[in-house]
There are 2 protein chains.
Amino acid sequence: MHGEVAPGASMTLRGIGKDYDVSMTPAREAVRRLVAEGALSMSLSGRVSTPVLTNERVEELAALRSLLEVELASRALPRAHMALIDRLQSINGTVSENVAKGDPSGYIRTNLEFHRTLYLRAQAPAILAMAETVWLQLGPTMQALYGKMRRAEPPHFHRLIIAALKAGDEPGLRLAVRSDVTQGLKRLTD
Amino acid sequence: MHGEVAPGASMTLRGIGKDYDVSMTPAREAVRRLVAEGALSMSLSGRVSTPVLTNERVEELAALRSLLEVELASRALPRAHMALIDRLQSINGTVSENVAKGDPSGYIRTNLEFHRTLYLRAQAPAILAMAETVWLQLGPTMQALYGKMRRAEPPHFHRLIIAALKAGDEPGLRLAVRSDVTQGLKRLTD
DNA sequence: CATAGGTCAATGTGATCACAAATTCCGGCA
DNA sequence: TGCCGGAATTTGTGATCACATTGACCTATG
């Protein structure tokens, strides 16, 4: 999810087991779960690797992020008090730090933390779980994206999100979330 | 998914294995996958059962169906030719038969086949997979719903969907799909 | 008769093993 | 030098086992 492993990286059951000091059995169960969630792909022979996403797939996942996260933000809006907004601003500072540091994995992690913190207020665990599944599928590919980014951009749309939350502006919030989610992924399909 | 097992039904690894003439290992992997997809729930002790959904959860899943399936229908619309519409009408006939027969599981199965046939035209496998995950989570509860239905209602909204497809009416299609998806689930939360 | 305590069966977990399939690697041939 | 083929290693699958824990049943007691 955090883009710590590159797209197309392959792994073996025995290797995973050795890494975590367990036998093949728990490694197999973890892998099967991640395959079910789309975070890993399995060849017909059972070999497992991180998926290499086609442009069409990335476009779909971006559309899913947009659909789900706009809904989550919209549901969170009426419950978003000042304490939450302060928290979001603080996280946003950490995001900027990671941008400055040039740490792609840290950037992805704190960026997702920003979104998750907001969406937790939506009190919609099933929808949030789906959104996290999408994040999981995009993880490896996101790393490739932010590795390619020439200029590290500050979290512009995050500020729009915070502003819309403060103003209680629902259409503005929906647009800001959609823009933030779509922005980076757009570049990925070029 | 087809509502063949009631909500809250519990099952054991050895029991599943015996049913399908395999050992515990494949049963465990299947169960873990279904748990990851939300189709089964697992207690802290590892016991597995079909989930009993709260009203809030049903509302969430209905919202997810609405979001995802409206998008899928919208993407399928430009690609929907006459052959597809004929196919949908044929499936719709089978749906009516199952309604008349009073076969809840058959009704759910053919109803989902109607939706899947339309959505396959959207050429969006990731979104369709998410929608099917939602169907999976709703399966057992759907059975409880259609078991409670006094009067078996004909697939009214399906006809609206077909009409909108014929007319190329996108707003009408979106509304028809949203209504069809929401209709039954609304009654479930009372 | 109800309830609490204790015993026993049932269940999930993780490890290990045998086996088949596939991938890789290496040598030989064109 | 490039490509093909076979052998050996790697890898996933399914089965079985030991063990700890949980849940259920049964009995005894108030």
Side-chain angles (χ1 to χ4, degrees), chain A residues 1-54 57 125-126 129-130 132-133 135-141 143-144, chain B residues 1-54 57 125-126 129-130 132-133 135-141 143-144:
Chain A
M1 186 186 287
H2 298 151
E4 287 158 16
V5 38
S10 63
M11 46 200 62
T12 67
L13 259 32
R14 288 173 176 85
I16 295 169
K18 185 162 289 183
D19 288 346
Y20 293 92
D21 265 310
V22 292
S23 75
M24 296 171 57
T25 312
R28 234 200 307 189
E29 288 176 5
V31 157
R32 298 297 267 246
R33 172 178 169 182
L34 290 169
V35 169
E37 290 174 340
L40 294 175
S41 60
M42 180 176 274
S43 75
L44 288 81
S45 67
R47 250 79 171 194
V48 155
S49 60
T50 48
V52 179
L53 303 181
T54 62
R57 186 55 67 102
M130 292 246 133
E132 294 196 315
T133 295
W135 295 349
L136 211 48
Q137 295 185 42
L138 280 170
T141 302
Q143 185 212 36
Chain B
M1 185 186 287
H2 297 151
E4 288 158 14
V5 38
S10 63
M11 46 199 61
T12 68
L13 259 31
R14 289 174 176 83
I16 296 168
K18 186 162 288 184
D19 288 346
Y20 293 93
D21 265 310
V22 291
S23 77
M24 295 171 57
T25 311
R28 234 198 309 186
E29 288 176 5
V31 158
R32 299 294 268 245
R33 172 178 170 183
L34 290 169
V35 169
E37 289 174 339
L40 294 176
S41 60
M42 180 176 275
S43 75
L44 288 80
S45 66
R47 250 78 171 199
V48 154
S49 60
T50 48
V52 179
L53 303 182
T54 63
R57 185 57 67 104
M130 293 246 130
E132 294 196 315
T133 295
W135 297 349
L136 211 48
Q137 296 186 41
L138 281 171
T141 302
Q143 185 212 36

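Residue numbering restarts at 1 for every chain, and letters A, B, ... go by the order of the sequence lines.
Between the CD atom of B/E29 and the P atom of D/dG12 there is a distance of 12 Å, rounded to whole Å. When the P atom of D/dG12 is taken as reference, atom CZ of A/R32 falls 11 Å away, rounded to whole Å. Rounded to an integer number of Å, the gap from A/M42 CE to D/dT11 P is 14 Å. Summarising the geometry, the separation between CZ on B/R47 and C1' on C/dT13 is reported as 12 Å, rounded to the nearest angstrom. Rounded to an integer number of Å, the gap from CG of A/L44 to C1' of C/dA20 is 16 Å. Here the C1' atom of nucleotide D/dG12 and the CE atom of A/M11 are 15 Å apart, to the nearest Å. Note: CZ (B/R28) to C1' (D/dC17) measures 12 Å, nearest angstrom.
Put simply, the side chain of A/T141 does not reach to within 4.5 Å of the side chain of A/R57, judged on heavy atoms. Between B/L138 and B/L53, the closest side-chain pair of non-hydrogen atoms falls below 4.5 Å. Between B/M11 and B/D19 the shortest side-chain heavy-atom distance does not fall below 4.5 Å. Looking at heavy atoms from C-beta onward, B/M130 lies in side-chain contact with A/T133 at the 4.5 angstrom threshold.
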Query raised in the report: Are B/E4 and B/Q143 close enough, and set up right, to give a side-chain contact (heavy atoms from CB on, under 4.5 Å), and what steps lead you there?
Result: CA-CA 7 Å; B/E4 288 158 14; B/Q143 185 212 36; over 6 Å; no

Requested in this report: Take A/E29 and A/R33 through the salt bridge (charged side-chain N to carboxylate O under 4.0 Å, His left out) test and state the conclusion after the steps.
Outcome: CA-CA 6 Å; A/E29 288 176 5; A/R33 172 178 169 182; over 6 Å; no

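Between the side chain of A/T50 and the backbone N or O of A/G8, at least one donor-acceptor pair lies under 3.5 Å.
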**Report entry** Pairing pattern in dot-bracket form [Watson-Crick, G-U; both distances under 3.5 Å; | = partner strand] for DNA chain C
**Finding:** ||||||||||||||||||||||||||||||

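Using a 4.0 Å cutoff on non-hydrogen atoms, the parts of residues 14-25 of chain B near DNA chain C are B/R14, B/M24, ordered by number.
For the residue pair A/P7 and A/P51, the shortest heavy atom distance occurs at CB-O, 3.8 Å.
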